[in-house]
Colleague: 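One structure coming up, written as structure tokens, with questions to follow.
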There are 2 protein chains.
Amino acid sequence: MKPSTSIQDYLKRIYELTESGSPASTNDLARELNIKPASVTGMIQKLASEKPALIEYQKHQGVTLTSAGKKAALEVIRHHRLLETWLVQTLGYSWDEVHEEAEKLEHVISEDFERRIAAALGHPLRDPHGELIPTADLKMPLDDTTPLSALRKNQSGKILSIKGADADLLRYLDELGLTPNTMIEVIDYSPFDHNLTIKVEKKTHVLGLSVTSKIFIEES
Amino acid sequence: MKPSTSIQDYLKRIYELTESGSPASTNDLARELNIKPASVTGMIQKLASEKPALIEYQKHQGVTLTSAGKKAALEVIRHHRLLETWLVQTLGYSWDEVHEEAEKLEHVISEDFERRIAAALGHPLRDPHGELIPTADLKMPLDDTTPLSALRKNQSGKILSIKGADADLLRYLDELGLTPNTMIEVIDYSPFDHNLTIKVEKKTHVLGLSVTSKIFIEES
DNA sequence: TATAAAATTTAGTCTTGCCTAAATTATTGT
DNA sequence: ACAATAATTTAGGCAAGACTAAATTTTATA
Ligand SMILES: [Mn+2]
Ligand SMILES: [Mn+2]
Ligand SMILES: [Mn+2]
Ligand SMILES: [Mn+2]
């Protein structure tokens, strides 16, 4: 059985929150999903007791995905990222507008639809934010990527992706020319506030940690 | 508030069943929606007591749409038909494949998405089955159309539309070349079984009532 | 190491939309 | 007119997925 829209959203968030390696906490999930923590506990318990279980869960210890759960999560993420790519390419959406639409469509498109848009787009590797698109057999490609916040003076590289769906941030970055495939160089670093001064296309900008932690770089 | 997916499907079916003028019965609705009659009664009572009411209802008398209900129905129908048109045009779906996909997408696309596909398609008047697409301000255009089953020997005309979503029928009609905009002529009529012999592109076919009642003609 | 604060879980409730079984109302054939 | 049949409604239940309030557990702090 295909998981419900609700469950698909839980699994997707759990995937994202556990990418770092550590389990996802009830509260983090509640925040990301805009659902009260008590309700999240309920759903977590349900997902852990499905057969096969979609998540691994021990009281108060947070959750991780089982391989069944991971597969279901990657399915949704593939839909989401293909849809975003497709909306931008064929309907002229801008990269800050697509997320909400894809968030709803991802749950209802058929596998046939997925194949058709993937083929029409030429089986793209990344979505409009530079995020990797899981393959048709539901493997997430590997990526050698560093958050911009980890770079220091004189380091440089190419922007690969922007994490997160904050439309305001995306519009801001767009104005500064900070989009995927752009080359940047770190000019300066302020140790106390973690601000980075970077150079992009002859211009310099000072960016705070809330921005630099969302931008991912391929170092050069 | 936007009606739920369930309610949207009820309103759409009620619209279709009441196009003839007579109210839609509980049983007809139950059959069309694949929902048990008892459940339909429950939903009907709910829709009739919303404020504003979406349907008009008197016990045992069937239902009709109020103007609010009709507007909501036309909204869904517009989505459905634009989506079908778009899936055929941009993703190469055939006319017998699109219905199911549109049936799910119609409930989740945004008004922005609707505007974008309408514009991208050049504001089409009809969907791939020849059905009229409600306008952006939610009026259903008028159509001077006759079911093929009402034509008799020597009458002729152009196929405007095929009613209903039966994929097998659509594939069959496709093979015979009976698609919208095709000219046909009635060669013979059998009064007992209501079979019609028609000529299409030099070929003749004998069609029963279950087929001819689904094909709508502009007489010439 | 004892509290205080924060995170998490439990318990109980609500809404939506469906179901079955039983009761009621309408229609039909004689 | 009246029984049989068909259509519809009522009554009672269930599952999903959310919520609030209260209890519990963990973690942080003094
Ligand atoms: Mn898929
Ligand atoms: Mn979603
Ligand atoms: Mn539908
Ligand atoms: Mn609309």
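The chains referred to below are lettered A, B, ... by the order of the sequence lines, with proteins before strands, and numbering in each begins at 1. Computed from a predicted structure; not experimentally measured.
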Colleague: Ignoring backbone atoms, test whether A/S25 places a side-chain nitrogen or oxygen under 4.0 Å from the OP1 or OP2 oxygen of C/dA7.
Modeller: no

Colleague: Out of D/dG17, D/dT8, C/dC19, which nucleotide sits closest to the side chain of A/M43?
Modeller: D/dG17

Colleague: Both A/H60 and B/G62 contact DNA chain D. Taking the nearest nucleotide for each, which residue is further toward the 5' end?
Modeller: B/G62

Colleague: Does B/S39 or A/I7 map to a spot on DNA chain D nearer the 5' end, using the closest nucleotide for each?
Modeller: B/S39

Colleague: Kindly point out which of D/dT9, C/dG17, C/dT8 is positioned nearest to the side chain of B/S6?
Modeller: C/dG17

Colleague: Given C/dT8, D/dC19, D/dT10, identify the nucleotide with an atom nearest to the side chain of A/K36.
Modeller: D/dC19

Colleague: In whole angstroms, how far is the P atom of C/dG17 from the CG atom of B/L29?
Modeller: 15 Å

Colleague: Would you mind reading off the distance between A/I44 atom CD1 and C/dT8 atom C1', rounded to a whole angstrom?
Modeller: 9 Å

Colleague: Measure from CZ on A/R31 to P on C/dT8 and round the result to the nearest Å.
Modeller: 10 Å

Colleague: Measure from CG on A/L33 to C1' on D/dG17 and round the result to the nearest Å.
Modeller: 12 Å

Colleague: In whole Å, what is the span from the CD atom of A/E50 to the P atom of D/dA15?
Modeller: 14 Å

Colleague: Using OP1 and OP2 only, check whether a side-chain N or O of A/Y10 sits under 4.0 Å from D/dA18.
Modeller: yes

Colleague: Taking ring-ring contact (aromatic ring centres under 6.0 Å, His included) as the cut-off, I'd like each qualifying pair that reaches into residues 95-117 of chain B, sequence neighbours left out, listed once.
Modeller: B/H80-B/H99, B/W86-B/F113, B/W95-B/H129

Colleague: For B/N27 and D/dA6, what is the distance between atoms CG and P respectively, to the nearest whole Å?
Modeller: 11 Å

Colleague: Side chain of A/K46 only, heavy atoms from C-beta on: which candidate in C/dC18, D/dT20, D/dG17 is closest?
Modeller: D/dG17

Colleague: Among C/dT10, C/dT8, D/dA18, find the nucleotide with the atom closest to the side chain of A/I35.
Modeller: D/dA18

Colleague: If you look at every strand shown and take non-hydrogen atoms under 4.0 Å, does A/T41 touch a base, only sugar-phosphate, or nothing?
Modeller: base

Colleague: Could you state the interatomic distance from CG (A/L151) to CD1 (A/I198), rounded to the nearest 0.5 Å?
Modeller: 9.5 Å

Colleague: Taking A/R81 for the side chain and A/P134 for the main chain, is one N or O donor matched with an acceptor at less than 3.5 Å?
Modeller: no

Colleague: Between B/S190 (side chain) and B/D193 (backbone), is there a donor-acceptor pair under 3.5 Å?
Modeller: no

Colleague: Can you tell me the distance, in whole Å, between the CD atom of B/Q45 and the P atom of C/dG17?
Modeller: 15 Å

Colleague: Looking only at the side chain of B/K59 (C-beta and beyond, no hydrogens), which of the listed nucleotides C/dG17, C/dT8, D/dT10 gets closest?
Modeller: D/dT10

Colleague: Test your reading of the model: is there a side-chain donor-acceptor pair from A/T212 to the backbone of A/L207, 3.5 Å cut-off?
Modeller: no

Colleague: Considering only C/dC18, C/dT20, C/dT25, which nucleotide approaches the side chain of B/A38 most closely?
Modeller: C/dT20

Colleague: What are the two closest heavy atoms between A/I217 and A/G157, and how far apart are they?
Modeller: CG2-CA, 3.9 Å

Colleague: Checking contacts here: which listed nucleotide (C/dC18, D/dT8, D/dT9) is nearest the side-chain heavy atoms of B/Y57?
Modeller: D/dT9

Colleague: Starting at atom CG of A/N34, determine the distance to atom C1' of D/dG17, rounded to an integer number of angstrom.
Modeller: 15 Å

